[in-house]
Amino acid sequence: MGQLMAKLMSIFWEREHKVIVVGLDNAGKTTILYQFLTNEVVHTRPTMGSNVEEIVLQKTHFLMWDIGGQESLSSTWNTYYSNTEFIILVIDSTDRDRLLTTREELYKMLAHEALRDAPILIFANKQDMKDSMTIVEIQFLTSAIKDHPWHIQGCCALTGEGLPAGLQWRQSQATAS
Ligand SMILES: Nc1nc2c(ncn2[C@@H]2O[C@H](COP(=O)(O)OP(=O)(O)OP(=O)(O)O)[C@@H](O)[C@H]2O)c(=O)[nH]1
Ligand SMILES: [Mg+2]
């Protein structure tokens with residue numbers, strides 16, 4: 001029985017899990033994607049469309065779609081939603097002025113049928129910056145979330161601090177369910 005469970009678990013972890021990485025422009029989504037992939041900081045430009053990479057963390061394969069966050073692209077975001085297993089929402093923790101806009105976008109996103117069951121990992125990025133918002137301040141966003149499991153993880157995409165811990169939350173959740 002134990003062996004069967006172990007086999008089933010390994011099948012689960014070895015298949016690819018589709019993740020969408022969303023958030024407003026300049027939040028740090030592309031920097032996070034390539035920090036996961038290469039453990040380095042890449043030079044980025046605003047993403048016009050998307051980047052997709054496979055990230056493997058402790059045998060779990062994540063197919064991560066990093067979607068350009070500029071306002072002019074927001075009408076295309078829903079074209080990425082089908083088969084999404086979980087959502088990574090990236091926040092620029094210094095961008096207090098747009099926290100409300102982020103909450104509105106999150107609310108609209110979660111109204112989509114394709115994202116109905118997807119857990120949400122919120123990366124409170126740029127925690128290296130002075131005067132960045134705390135996790136408690138960022139919890140304001142979660143009033144847009146009704147039935148989805150969520151977790152807020154502080155991080156810095158430049159050093160990678162906090163990034164693996166965020167994905168581990170998702171892994172521990174999937175194991176528990
Ligand atoms: N200080 C600091 N800067 C960061 C951090 N993460 C990203 N940046 C910087 O923020 C800027 C925007 O990063 P991107 O990764 O291009 O942002 P994005 O969310 O992909 O933006 P769009 O593609 O326009 O949606 C870049 O100059 C990054 O170097 C961080 O943790 N700390
Ligand atoms: Mg980008």
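Both counts, for ligands and for their atoms, begin at 1 and track the order of listing.
- Against a heavy-atom cut-off of under 4.0 Å, Gly69 is close to the following atoms of ligand 1: 22 (P), 25 (O).
- Atom 32 (N) of ligand 1 is flagged as protein-proximal [any protein heavy atom, distance under 4.0 Å].
- Taking only nitrogen or oxygen atoms, main chain and side chain alike, Gly28 reaches within less than 3.5 Å of ligand 1.
- Around the CD atom of Glu161, the shell of radius 6.0 Å holds no more than 12 heavy atoms that belong to other residues, nucleotides or ligands.
- Between Met129 and ligand 1, a contact under 3.5 Å exists for no N or O pair.
- Residue Glu54 places its CD atom among more than 12 non-hydrogen atoms of other residues, nucleotides or ligands, all under 6.0 Å distant.
- Of all atoms in ligand 1, numbered sequentially from 1 with element shown, those under 4.0 Å from a heavy atom of Thr30 are 15 (O), 20 (O).
- Residue contacts with ligand 1: Asp128 is placed with a nitrogen or oxygen under 3.5 Å of a nitrogen or oxygen of the ligand (distance criterion only).
- The closest approach between Leu158 and ligand 1 falls below 4.0 Å for a heavy atom of the residue.
- The protein heavy-atom contact nearest to atom 6 (N) of ligand 1 is Asn125 ND2, 3.1 Å.
- Close N/O approach between Pro46 and ligand 1 is not found [any backbone or side-chain N/O within under 3.5 Å].
- Distances from the Mg ion (ligand 2) show that Thr44 has no N/O/S atom below 2.8 Å.
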Next item on the list: Test side chain to side chain donor-acceptor pair (under 3.5 Å) on His17 and Glu85 and set out the steps.
Entry: CA-CA 6 Å; His17 304 276; Glu85 286 190 40; 2.7 Å; yes
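- Checking only distances, Asn26 does come within under 3.5 Å of ligand 1, N or O to N or O.
- A donor-acceptor distance shorter than 3.5 angstrom exists from the side chain of Lys18 to the backbone of Ser82, with no hydrogens or angles considered.
- Of the inter-residue distances, the one linking Gln127 atom CD with Thr94 atom OG1 reads 10.0 Å to the nearest 0.5 angstrom.
- The CE atom of Met133 sits 7.0 Å away from atom CG of Asp92, with the distance rounded to the nearest 0.5 Å.
- Between the side chain of Trp77 and the backbone N or O of Gly68, at least one donor-acceptor pair lies under 3.5 Å.
- Between Cys156 and ligand 1, no pair of N/O atoms sits closer than 3.5 Å.
- The line from CD1 of Ile122 to CD1 of Ile120 is 6.5 Å long, rounded to the nearest 0.5 Å.
- Between His112 and Tyr81, the two ring planes are perpendicular [angle over 60°; tilted spans 30° to 60°].
- Close contacts of ligand 1 with Thr47, meaning ligand atoms under 4.0 Å from a residue heavy atom, involve 22 (P), 23 (O), 24 (O).
- The closest approach between Gly68 and ligand 1 falls below 4.0 Å for a heavy atom of the residue.
- For atom 26 (C) of ligand 1, the closest non-hydrogen atom on the protein side is Thr44 OG1, 3.9 Å.
- Classified by interplanar angle (parallel below 30°, tilted 30° to 60°, perpendicular above 60°), the ring pair Phe36/Phe123 is tilted.
- Side-chain contact, Glu53 with Tyr34: a donor N or O sits under 3.5 Å from an acceptor N or O.
- In this comparison of Gln70, Lys29, Lys126, the heavy atom closest to atom 30 (C) of ligand 1 sits on Lys126.
- Residue, atom and distance of the protein heavy atom nearest to atom 7 (C) of ligand 1 are Thr31 OG1, 3.6 Å.
- The shortest N or O to N or O distance between Asp66 and ligand 1 is not below 3.5 Å.
- Because the distance cut-off is set at 2.8 Å, Asn51 fails to qualify as a neighbour of the Mg ion (ligand 2), as none of its N, O or S atoms comes that close.
- Annotation for ligand 1: atoms under 4.0 Å from non-hydrogen atoms of Ala157 are 6 (N), 30 (C), 31 (O).
- The neighbour count for Phe140 CZ, taken as heavy atoms of other residues, nucleotides or ligands under 6.0 Å away, is above 12.
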